[in-house]
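Down below is the structure, laid out as C-alpha cells.
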Amino acid sequence: MAKDHSNFFNDVYEVVRLIPSGRATNYGAIANYLGTKGSARMVGWAMNAAHGMADVPAHRVVNRAGVLTGKSHFETPTIMQERLEAEGVEVVNDKIKNFDKIFWDPNTELAL
DNA sequence: TGGCTGACTTTCG
DNA sequence: ACGAAAGCCAGCC
C-alpha cells in the first residue's frame with residue numbers, strides 16, 4: 001500500500017486525518033491546500049475511495065455551506081451526523097451548526 | 001485514445 | 001433572493 005501510487009488521494013487522506021475532533025472542513029479548502037482548487041469535486045471523489053478507510057474521518061468533511069452532502073455515501077445516511085454529534089459538533093437538518101467557528105482550514109491551521 | 005462522471009464552488013440570469 | 005450553467009482535475013470504461 002504505497003502512498004506513492006496516488007499522491008492526490010493520499011494527500012486528501014492525510015489532511016482529513018489531521019482534522020481535530022470537534023472540527024470540520026470543506027472540500028474546497030482541501031482542494032486548495034493540495035493545489036487542485038478547481039477540482040473540489042475530486043476531493044469528494046477521493047473520499048469516495050477513502051470511505052473504505054476507517055482512518056479517514058470523512059464525516060468531518062462537508063461542503064462549503066457546512067451541509068453533510070456526502071452523508072448518503074456512508075454505510076448509513078445517519079452515520080455522518082451521529083459521528084459529528086459524538087465529536088461534539090451540533091448538527092441540525094444535516095447541517096453543521098456554527099460551522100463558521102468549527103471550520104478547520106488546513107491552509108490556516110497547518111499554517112502554510 | 002477519447003470521453004463521461006463526480007461527496008464542489010463560483011458566477012451570471 | 002433564487003435558479004441554472006460553467007469550470008475544474010483526475011479516475012474509469
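Residue numbers begin at 1 in each chain, while the letters A, B, ... track the order of the sequences.
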- Query: A40(A) has a side chain; which of dA10(C), dT9(B), dA7(B) sits nearest to it?
  - Reply: dT9(B)
- Is it true that atom CG of N93(A) has more than 12 heavy atoms of other residues, nucleotides or ligands lying nearer than 6.0 Å? no
- Task: Determine which bases of DNA chain B form Watson-Crick or G-U wobble pairs with both distances under 3.5 Å, and write the result as a 5' to 3' dot-bracket string with | for other-strand partners.
- Result: .|||||.||||||
- Nearest to side-chain heavy atoms of Y27(A), which nucleotide of dG11(C), dG7(C), dT9(B): dT9(B)
- Item | Any side-chain heavy-atom pair of V15(A) and V12(A) under 4.5 Å | no
- Query: Just checking A58(A): base, sugar-phosphate only, or nothing, at a heavy-atom cut-off of under 4.0 Å?
  - Reply: base
- Message: Looking at the base of dG7(C), is there any donor atom on it, or on the side chain of R41(A), that sits under 3.5 Å from an acceptor on the other one?
- Response: yes
- Item | Transitive ILVMFWY cluster of I79(A), excluding itself - 4.5 Å side-chain cut-off | V62(A), L68(A), F74(A), M80(A), L84(A), V89(A), V91(A), I96(A), F99(A), I102(A), F103(A)
- Could you check which residues of residues 63-90 of chain A get a heavy atom under 4.0 Å from DNA chain B? Sort them by number, please. N63(A), R64(A), T69(A), G70(A), H73(A), F74(A)
- Query: So, do V43(A) and I30(A) sit near enough that their side-chain heavy atoms are less than 4.5 Å apart?
  - Reply: yes
- Message: What is the separation between atom CE on M47(A) and atom P on dG11(C), rounded to the nearest whole Å?
- Response: 15 Å
- Query: So, is N48(A) near the phosphate of dG6(B), with a side-chain N or O under 4.0 Å from OP1 or OP2?
  - Reply: no
- Item | Interatomic distance, W45(A) CH2 vs dT9(B) P [rounded to whole Å] | 17 Å
